[in-house]
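Worksheet for the structure shown next.
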Amino acid sequence: MTVLTLIACLSLLAWLWLTFCQGGFWRTDVRLPPRDADGARPSVAVVVPARDEAEVLPLSLPSLLAQRYAGEARVILVDDGSTDGTGDLARRLGEAPGALPLTVTSPGEPPAGWTGKLWALRHGVELAGDVEYLLLTDADIAHEPDSLEGLVASAESGARYDLVSQMARLSVRTRWEQLIVPAFVYFFAQLYPFRWSNKPGSRTAAAAGGCTLVRREALARAGGVAAIRGAVIDDVNLARLVKRGGGRTWLGLADRVDSVRPYPELGQLWRMVSRSAYAQLRHNVFLLAGTVLGLTLVYLVPPALTVVGAVTLRPLVALPALAAWALMTLTYRPMLAYYGRPTREALLLPFTAGLYLLMTVDSAVQHWRGRGAAWKGRTYPAPEKASALRDVAER
């Protein structure tokens, strides 16, 4: 057996494992759990951290204020140091007839060791008071009028979930969005299979930060927002926090929750991924090396060796590589269908994976240069630096 044949077979084995043993990550039928349609609904506070969101707020905030909910609900928008009039715009939007009660507040600059979003969330959670549920949602997320009702009804169902999260449907209007966004969700599900995350006792835990309903008591029992105050990837860490505290979590794809933020250029999508990619690997160079090798073996090897094997007339190279590429294409098809994209675009997944590989390496390079994770005018230090700053602040 030649080296190329061995590599092709290893790639095929990897895809056989992913397809049949990785929690059915490629399936897109994980939607809101069965709902409890009867009974009064518990009180809810919707907490929206917002920093310089005046462009998208008119498309998102009215959808929250117009929620049809059978219980007591109100919206708290936390203006995180915006300079574009986000707070004033929110107040004007809150004057719409029939809107849910709206509070606009500002927590000031975050202390050392806190990310801006989590500092804003903590402020909003404290202001919410003694409600039973908190809906944590981003300022660029629009909800259909029955979204809150469906989330709470699912949490109150027989399973009694402590956290119910939906991954909002992202924009795929432009060509770069169509190329990168479905793959982003596909890779996320591959890393955190929804079925594993939703299984009690499983070590896998994940949530989608754009739309997460959590029981206030479960969050407090797990240590509150302060327990993850320095996390750049706040959604996954929140789910882990709740699950480790004994809570039940659920994550699935959304039907009636959508992102209204456009990413028309590659640079914007690149920054969205690279700002947290190395943090996802816990800033570990060995995990980075393994990720680069894994992406190469799983996504780049199949098409490359299919061509090489065909051109050199080496079927023992071409056939296993082609089989691996076929599994890749078939497992990507459901995600493309979820986003309304044609099946033929699955053939571009190796190219997209190559872009993600470069984004991940770029994320590590930025970290090594001491630039940290940058977002909306703030740069967050590496974990060891953040820990040192936090220790100084707490003294």
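All figures in this text were calculated on a predicted structure; none of them were measured in a lab.
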Heavy atoms only: give me the nearest [X]-[Y] pair and the separation to one decimal.
X: T306; Y: P302; value: OG1-O, 2.6 Å
X: L288; Y: Y278; value: CB-CE1, 4.0 Å
X: V44; Y: V152; value: CG2-CG2, 3.9 Å
X: S60; Y: D140; value: CB-C, 4.2 Å
X: A155; Y: R215; value: O-NH2, 3.2 Å
X: Y338; Y: R169; value: O-NH1, 2.6 Å

Above 12 or not: heavy atoms from other molecules or residues under 6.0 Å from [atom1] of [X]?
X: R91; atom1: CZ; result: yes
X: R173; atom1: CZ; result: no
X: W17; atom1: CH2; result: no
X: E126; atom1: CD; result: yes
X: R341; atom1: CZ; result: yes
X: E144; atom1: CD; result: yes
X: R344; atom1: CZ; result: no

Sidechain-backbone polar pair: [X] side chain, [Y] backbone, donor-acceptor under 3.5 Å:
X: K243; Y: S197; answer: yes
X: D235; Y: G209; answer: yes
X: S202; Y: W196; answer: yes
X: D80; Y: A50; answer: no
X: R240; Y: N237; answer: no
X: S11; Y: L297; answer: yes
X: D84; Y: A54; answer: yes
X: E72; Y: P42; answer: no
X: S363; Y: S274; answer: yes
X: W119; Y: G108; answer: yes

Rounded to the nearest 0.5 Å, what's the gap from [atom1] on [X] to [atom2] on [Y]? Could you check?
X: Y133; Y: L163; atom1: OH; atom2: CG; answer: 10.5 Å
X: L269; Y: M359; atom1: CG; atom2: CE; answer: 6.5 Å
X: I141; Y: S259; atom1: CD1; atom2: OG; answer: 4.5 Å
X: W26; Y: M335; atom1: CH2; atom2: CE; answer: 11.5 Å
X: L266; Y: R175; atom1: CG; atom2: CZ; answer: 12.5 Å
X: Q67; Y: L151; atom1: CD; atom2: CG; answer: 8.5 Å

Pair [X] and [Y], ring centroids less than 6.0 Å apart:
X: W270; Y: Y263; result: no
X: F188; Y: F184; result: no
X: F187; Y: Y356; result: yes

Quiz prompt | Derivation and outcome, salt bridge (charged side-chain N to carboxylate O under 4.0 Å, His left out), residues K117 and D138 | solution = CA-CA 10 Å; K117 179 180 177 180; D138 289 343; 3.1 Å; yes

Linking I/L/V/M/F/W/Y whenever their side-chain heavy atoms sit closer than 4.5 Å, directly or via other members, would [X] and [Y] fall into one cluster?
X: F20; Y: L13; result: yes
X: L330; Y: L16; result: no
X: I7; Y: V311; result: no
X: V47; Y: I228; result: yes
X: L148; Y: L59; result: no

Exercise. Test D29 against R195 for salt bridge (charged side-chain N to carboxylate O under 4.0 Å, His left out), laying out the working first.
Key: CA-CA 10 Å; D29 58 350; R195 283 175 171 77; 2.8 Å; yes

Quiz item: Salt bridge between R261 and E55, side-chain N to carboxylate O under 4.0 Å?
Solution: no

Quiz item: Salt bridge or not for D79 and R51, using N-O below 4.0 Å?
Solution: no

Side chains of [X] and [Y]: do they bring a donor and an acceptor to under 3.5 Å?
X: Y332; Y: T343; result: no
X: E53; Y: T86; result: no
X: T212; Y: S165; result: yes
X: E177; Y: Y339; result: no
X: T2; Y: T5; result: yes

Side chains of [X] and [Y] in contact at under 4.5 Å (non-hydrogen atoms):
X: L219; Y: L134; value: yes
X: P33; Y: W250; value: yes
X: T331; Y: W15; value: yes
X: L18; Y: M328; value: no

Quiz item: Could you walk me through whether F25 and Y186 pass the side chain to side chain contact (heavy atoms under 4.5 Å, CB included) check?
Solution: CA-CA 8 Å; F25 77 93; Y186 175 84; 3.5 Å; yes

Self-check item: Test log, rule side chain to side chain contact (heavy atoms under 4.5 Å, CB included), inputs Q166 and L213
Solution: CA-CA 9 Å; Q166 289 186 289; L213 181 82; over 6 Å; no

Quiz item: Step by step, would you call V46 with R74 a side chain to side chain contact (heavy atoms under 4.5 Å, CB included)?
Solution: CA-CA 6 Å; V46 182; R74 61 192 181 106; over 6 Å; no

Practice problem: Any chance you could lay out the side chain to side chain contact (heavy atoms under 4.5 Å, CB included) test for D162 and T249, step after step, and finish with the verdict? | Solution: CA-CA 6 Å; D162 294 289; T249 67; 5.9 Å; no

Quiz item: Per the side-chain contact (heavy atoms from CB on, under 4.5 Å) rule, which among L4, V3, V307 passes with V317?
Solution: L4

Practice problem: Among V273, V292, L281, find the one that has a side-chain contact (heavy atoms from CB on, under 4.5 Å) with T360. | Solution: L281

Exercise. Mind running salt bridge (charged side-chain N to carboxylate O under 4.0 Å, His left out) on R41 and E149 for me, showing each step along the way?
Key: CA-CA 8 Å; R41 294 290 179 238; E149 177 74 18; 2.9 Å; yes

